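Computed from a predicted structure; not experimentally measured.
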Amino acid sequence: MISPTRSMPSRFAAATLTVLAAACAPSTDDQESPGAMAVTNATIIDGMGGAPVPGGVVVVEGDRIVAAGPATEVAIPDGATIIDAAGGTVMPGLADMHVHMVGGWDGVSTEMLGYRRYLNALLYAGVTTVFDAGNVLPFIQQIQAETEAGRLPGPRVYMAGPLVDGPVPIWPPITYFTFEASAMRRHATQLAAAGVDALKGYAGLDAEMVDSLVQAGADFDLPVIVDLGSRGDYAAAVEAGVLARAHAPSGPLSDDEIAAMVEHGTATITTLAVLESFARRRLRDLAFLDHALIAATTPPRFLDALREHATRTLSDEEAEFAAAIEERLMTAMANVKRLRDAGVLLVAGTDAPYPGVFQGEGIHRELELLVEAGLTPLQAVSAATHHAARLMDADGEWGAISPGMAADLLVVRGNPAENIRATRDILAVIQRGVVLDRSQLVFSALDDPGFRTVGSVAAN
């Protein structure tokens, strides 16, 4: 989450999929695991950067991948459900490793009661894993617990819980704030007991506080991810041993700083999409709002508000700010390419929601921006699959197509290795070995309570 005041359906048998989804309803604690299925006639993108495998088959039993490879080498179990990719591509489900389930469409207002719509939008877009990088702790705890149990449809959720910030917090309702480094152990103790997956250090922390937070986190096996703003001491944070920067650097970045990140294994969560939002670059042509990943999952009232936001006349100060952020976006894109070439682990994230940055669709836009920045499409896909799992030390569990891995799969038309935009053209989303009924994830005005956003969690 960037402070606003700081730098920041298909001929492929929709009917068939509906039948399959009904037969393979999302699993809960009280249901048996789904039976065997096979995705056939597909190019396989494994998520780990391997060469695409044309004419491939992926076999799933229960919630696990049990075989993957060329059709000539993979046996399909008798009675398996067949998902014919019709010459398309199967790849791991996508991961957005920087979201906030608490934010409204504008990134500033609060939209907690819209959580089910957000979860639906993520699944509809093929996002099967997210990292919530700052939220009200009991709220995101319950979302994580219920999605994990299968009682609430949604992606796999990792969480940081509240931000850990200095004495003048930017987002007070979602922050643990402190005046001194000695308080970090208390925060780490409380958050470890709450079951968070990482600690998020924020812009008000000085170098001593970051170092203390890393040390306290280490006592509970909790890594630290930092967003220290435009004035933060990232070099000291890297030396302290943080796991990752929460945003790609959008200012000058020396070769020595990159080398230190490589030496210490410091990852970067890219979030180019949020810089594009602040620069208003994507808002210059609003045709993207008609894409199904947005139009099918977003209340029209929010799209109307976004259109109004995008077309209003800017003050001179606002226009200057947007132009400055666009320069930073270009710098961040260049830095992303340098970091990738140097061997820094790049992980895709969006910081959704912000104007033009949507839960679900946003990660597809992030992949496009990564390719624009100079990554190959396969490198971009890895950033939103295998690399995301590596960030969470879960690369033996999900994020790749390989025997034993979680059966979270995205089946698309076309070949994202040739055109990254093909990730948007979704044939099927498979989660825990279940083909999801995407029609059940579409926004319905008939079922919508009409919740509105309310005041911001940002400090005035």
Side-chain angles (χ1 to χ4, degrees), residues 9-15 17-18 21 88 93-94 96 99-101 103-107 109 111 113-128 130 153-155 273-274 276-277 280-312 348 350-369 384 410-414 416 419-429 431 435-453:
S10 135
R11 285 194 307 271
F12 168 71
L17 286 180
T18 300
L94 297 172
D96 187 339
V99 303
H100 298 275
M101 296 284 187
W105 67 267
D106 56 0
S109 61
E111 171 62 348
L113 296 183
Y115 70 96
R116 295 200 68 165
R117 177 173 52 78
Y118 279 169
L119 296 171
N120 287 347
L122 288 159
L123 290 178
Y124 187 85
V127 180
T128 54
V130 296
V274 73
E276 186 180 46
S277 171
R280 302 179 69 90
R281 189 178 77 151
R282 200 182 192 198
L283 302 183
R284 294 169 189 161
D285 181 356
L286 298 180
F288 75 95
L289 295 179
D290 296 326
H291 194 284
L293 297 182
I294 296 172
T297 61
T298 309
R301 63 184 176 275
F302 291 161
L303 296 179
D304 290 343
L306 176 55
R307 289 186 174 94
E308 181 178 351
H309 168 81
T311 56
R312 69 181 178 82
T350 63
D351 206 2
Y354 271 100
V357 188
F358 291 83
Q359 304 280 17
E361 190 271 348
I363 198 65
H364 296 269
R365 181 56 181 166
E366 187 72 19
L367 295 181
E368 293 158 8
L369 291 170
L410 177 61
V411 186
V412 302
R413 300 176 186 83
N419 180 355
I420 195 62
R421 290 187 62 83
T423 63
R424 297 173 169 271
D425 198 359
I426 297 173
L427 287 171
V429 178
Q431 182 191 34
V435 182
L436 301 184
D437 183 353
R438 294 177 71 232
S439 70
Q440 297 299 308
L441 302 172
V442 172
F443 171 79
S444 170
L446 295 177
D447 299 330
D448 178 34
F451 298 133
R452 266 51 176 181
T453 59

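Contact annotation: the side chain of Arg117 approaches that of Pro299 to within less than 4.5 Å [non-hydrogen atoms, C-beta and beyond]. Between His309 and Arg280, the closest side-chain pair of non-hydrogen atoms falls below 4.5 Å. Residues Leu303 and Ile294 have side chains in contact (heavy-atom distance under 4.5 Å, counting atoms from C-beta outward). Inter-residue side-chain proximity for Asn120 and Gln440 is flagged as unmet; no heavy-atom pair is nearer than 4.5 Å. In this structure, the side chains of Leu94 and Leu367 come closer than 4.5 Å at one or more pairs of heavy atoms. Looking only at side-chain heavy atoms (C-beta outward), Leu306 and Leu283 come within less than 4.5 Å of each other. Tyr124 is listed as a side-chain neighbour of Val442, based on a closest heavy-atom distance under 4.5 Å. Residues Thr423 and Ile363 are not in side-chain contact: their nearest non-hydrogen atoms beyond the backbone lie 4.5 Å or more apart.
For the residue pair Arg301 and Phe451, the shortest heavy atom distance occurs at NH2-O, 2.9 Å. In this structure, Phe443 and Pro300 approach most closely via the heavy-atom pair CE2-CD, 3.6 Å. Listed here is the closest heavy atom pair of Gly104 and Glu111: CA-CB, 3.6 Å.
Side chain of Tyr118 to backbone of Gly103: a donor-acceptor contact under 3.5 angstrom is found. With Ser277 contributing its side chain and Pro355 its backbone, the two residues share a donor-acceptor pair below 3.5 Å. Judged purely by atom type and a 3.5 angstrom limit, Gln359 has no side-chain atom pairing as donor or acceptor with the backbone of Tyr115.
One distance of note links CZ of Phe358 with OG1 of Thr350; it measures 11.5 Å at 0.5 Å rounding. The CH2 atom of Trp105 lies 8.0 Å from the OG1 atom of Thr453; values are rounded to the nearest 0.5 Å. The distance from the CZ atom of Arg365 to the CD1 atom of Ile420 is 12.0 Å, given to the nearest 0.5 Å. Note that CD of Gln431 is 5.5 Å distant from CG of Leu436, once rounded to the nearest 0.5 Å. Atom CG in Leu123 sits 8.0 Å away from atom OG1 in Thr128 (nearest 0.5 Å). Note: Arg116 CZ to Asp448 CG = 12.5 Å, rounded to the nearest 0.5 Å.
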TODO: In sequence, state the C-alpha distance, the side-chain angles, and the governing distance for Glu366 and Val357, and then conclude on side chain to side chain contact (heavy atoms under 4.5 Å, CB included).
DONE: CA-CA 9 Å; Glu366 187 72 19; Val357 188; over 6 Å; no

* To do: Show the numbers, then the answer: is there a side chain to side chain contact (heavy atoms under 4.5 Å, CB included) between Val127 and Val99?
  => CA-CA 12 Å; Val127 180; Val99 303; over 6 Å; no

Report task. Please assess Leu410 against Ile426 for the test side chain to side chain contact (heavy atoms under 4.5 Å, CB included), listing each intermediate value before the final yes or no. Result -> CA-CA 7 Å; Leu410 177 61; Ile426 297 173; 3.8 Å; yes

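The number of heavy atoms from other shown groups lying within 6.0 Å of CZ (Arg307) is above 12.
A salt bridge between Arg282 and Glu368 is absent, with no side-chain N of the basic residue lying under 4.0 Å from a carboxylate O of the acidic one.
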